[in-house]
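Below is one structure, written out as C-alpha cells; comments come after it.
The chains referred to below are lettered A, B, ... by the order of the sequence lines, with proteins before strands, and numbering in each begins at 1.
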2 protein chains.
Amino acid sequence: MRADAKKNYDHLLEVGRELVAEQGADASMRDVARRAGVGIGTLYRHFPTREALLEALLRNSFDQLTAKAGGLETSDSPGEALVSWLRETVAIAHSHRGVIASMTAAIADPDSALHDSCMTMRASGTRLLARAQAEGKARADIDGADLFALLGALAWINDQPSLRSRADHLFGVIASAILVQGVSADD
Amino acid sequence: MRADAKKNYDHLLEVGRELVAEQGADASMRDVARRAGVGIGTLYRHFPTREALLEALLRNSFDQLTAKAGGLETSDSPGEALVSWLRETVAIAHSHRGVIASMTAAIADPDSALHDSCMTMRASGTRLLARAQAEGKARADIDGADLFALLGALAWINDQPSLRSRADHLFGVIASAILVQGVSADD
DNA sequence: ACCTGAACACCGTTCAAGT
DNA sequence: ACCTGAACACCGTTCAAGT
C-alpha cells in the first residue's frame, strides 16, 4: 500500500471507531468520510462495504477475545470460564452498539466481511460451552449456535437505552439458564 | 371523519399491515403511500409518525393480548399462564418484524404514539409475573421491566433470520430461567 | 376538510475523470 | 495507484397550493 493510502486507511479507521462509538454501527458512511476529510470514494476504496469497516474495527477486540478464550480453556472452573467469556463478548458487542445484528447475519452469509471473525468467535464460545457441559456445569440441551443467539439477545438488551440499567441483572438471569442449577444426584 | 378520508385511512392501514408483514416495521413510508395509491402527504396526515402507524396496526393484537391476560389471571397454574402469555406476546412482536425496538424505546418515551399500548401490555405481564411469584412459581428477583426486556430479547431472536430455527428452543431456555426450577424446601 | 406532490435535507453506492 | 465528487436512486418529513 502506498504511504498516502495507508495514512488514509488508518485515519478512516480511527474516525470510524469514533463515529461508531458515538452513533452506533449504523453511523453514516458519508459522515465517516466527511470527518476524515476524504472523498466518499476513498472510504469505499478501502472499505467496500460497511461490514468491511466494522470487521476492521472489531479485529483487535476479536483477537483479544480469542486469546482470552484460549486461556480460559484450561481454567479449572469451566462454568465460570464460560460466563467470563460471555461477559466480555457482550461488552465488546455493546461497545459497537447495534453491530450484533450484522454479526448475526454474517454467521449465515459466507460472503460477509464479518463472516470469518464471527465464526471464529462462535467457535471459541462453543469450545468453552462444551467443556462446561462435559463437567456437568452447563445444560446439555444447547449448542454453540444457541449460545451465540443468547449472546446476541444479551447484546441487544445492552444496546437498548431503556433497558441498559437492567442489563447486568439480566445477564445473571440468562447466565443462570445456561449453567446447570440444581444439585445433581452424583454430587 | 369524512367518508373519503375514512376510506383512505382504512386502506393505508391495510397496506401498512401488508408491507410491515413483508418488509418489517422499518418498511418505507413512501412505499406505503405509493402502494395505497395516495400522496405521501395523505399518509402523514393520518399517521404523523411511524409509531402512530405501528400503533394503529398493533392495536387489535394488543387488545387481544390484554383480553388473554385477563383470562389467564384467574388460571390455577400461574407459571403456565405467564409462559403462555409470553409466547403469544413474542409471536405478535415477531409478526411485525423489528417492531420490538420501537416498543422498547416507546416505554421510555411518554410522547411516543406507542407508549400507552406498551405500558398497558407490560402491566399485563407484570400482573401475571407477580401472581406466579406469589405462588413461588417464578423467580423473585425480577420485575415487570425485566420481564419486558426478556420478552424483547426473545422477540429479537425471532426476528433474526439466522436464529429463527432455534427461537422456539431458546424460548424454553429463557422461560426456564424465569420459572423457578428446583424443588423448594417446603414442597 | 382533506389531498397532492414538489421541495429539502439527507442516505448508500458507483464510476468517470483526474493526479 | 489512488483520490475525488458528481450522479443515481433512494429515504423521511414538511408545507404551499389546490379541491
Side-chain angles (χ1 to χ4, degrees), chain A residues 1-20 22-57 96-99 101-103 105-106 109 111-114, chain B residues 1-20 22-57 96-99 101-103 105-106 109 111-114:
Chain A
M1 186 151 40
R2 238 163 55 178
D4 56 341
K6 166 117 179 81
K7 204 182 147 195
N8 277 337
Y9 179 93
D10 291 344
H11 192 211
L12 280 165
L13 214 50
E14 189 187 327
V15 166
R17 200 177 301 279
E18 271 176 35
L19 226 55
V20 166
E22 287 171 27
Q23 304 180 11
D26 56 350
S28 157
M29 295 294 269
R30 263 191 153 88
D31 270 356
V32 174
R34 215 141 39 199
R35 194 183 286 194
V38 303
I40 181 72
T42 302
L43 172 58
Y44 277 94
R45 154 167 275 261
H46 288 298
F47 305 103
T49 62
R50 180 184 298 274
E51 277 73 31
L53 177 58
L54 292 173
E55 200 275 333
L57 289 181
H96 303 78
R97 177 162 43 91
V99 84
S102 304
M103 289 171 58
D109 175 14
D111 296 333
S112 165
L114 275 168
Chain B
M1 186 148 46
R2 239 163 57 179
D4 56 342
K6 166 115 179 84
K7 203 182 148 194
N8 277 336
Y9 179 94
D10 291 344
H11 192 209
L12 281 166
L13 214 51
E14 189 187 327
V15 166
R17 199 176 301 279
E18 271 176 35
L19 226 54
V20 166
E22 287 171 25
Q23 304 178 12
D26 55 351
S28 157
M29 295 293 268
R30 264 191 153 85
D31 270 356
V32 174
R34 216 140 38 199
R35 196 183 285 194
V38 302
I40 182 71
T42 303
L43 172 57
Y44 277 94
R45 154 167 274 262
H46 288 298
F47 306 103
T49 62
R50 180 184 297 275
E51 277 74 30
L53 177 58
L54 292 173
E55 199 275 334
L57 289 182
H96 302 79
R97 179 162 43 90
V99 84
S102 304
M103 289 171 58
D109 175 14
D111 295 333
S112 164
L114 275 168

Using atom types as modelled and distance alone, determine if a side-chain donor or acceptor of [X] lies under 3.5 Å from a backbone N or O of [Y].
X     : Y     : answer
B:R35 : B:E18 : no
B:R34 : B:I40 : no
A:R97 : A:E22 : yes
A:R17 : A:L57 : yes

Which nucleotide in the set [options] lies at the smallest distance from any side-chain heavy atom of [X]?
X     : options               : result
B:A5  : D:dT4, C:dC3, C:dG12  : C:dC3
B:R34 : C:dG12, D:dC11, C:dC3 : D:dC11
A:S28 : D:dG12, D:dC3, C:dC11 : C:dC11

d([atom1], [X]; [atom2], [N]) in whole Å:
X     : N      : atom1 : atom2 : result
B:I40 : D:dC11 : CD1   : C1'   : 10 Å
A:D31 : C:dG12 : CG    : P     : 8 Å
A:R45 : D:dG5  : CZ    : P     : 16 Å
B:Y44 : D:dA16 : OH    : P     : 18 Å
B:R2  : C:dA1  : CZ    : C1'   : 4 Å
A:R30 : D:dA9  : CZ    : C1'   : 12 Å
B:K6  : C:dC3  : NZ    : P     : 13 Å
A:M29 : D:dC10 : CE    : C1'   : 17 Å

Watson-Crick or G-U wobble mate for D:dT19, both contacts under 3.5 Å:
C:dA1
For D:dT14, give its Watson-Crick or G-U wobble partner with both distances under 3.5 Å, or none.
C:dA6
Would one find a side-chain N or O of B:H46 under 4.0 angstrom from OP1 or OP2 of C:dC3?
yes
Check whether any side-chain nitrogen or oxygen of B:N8 sits under 4.0 Å from OP1 or OP2 of C:dC2, and answer yes or no.
no
Would you kindly compare B:P48 and A:M1 by the position of their nearest DNA chain D nucleotide and give the one closer to the 5′ end?
A:M1
From B:L53 CG over to B:L12 CG, what is the distance, rounded to the nearest 0.5 angstrom?
8.0 Å
DNA chain C nearest-nucleotide lookup for B:L43 and A:D26: closer to the 5′ end is B:L43
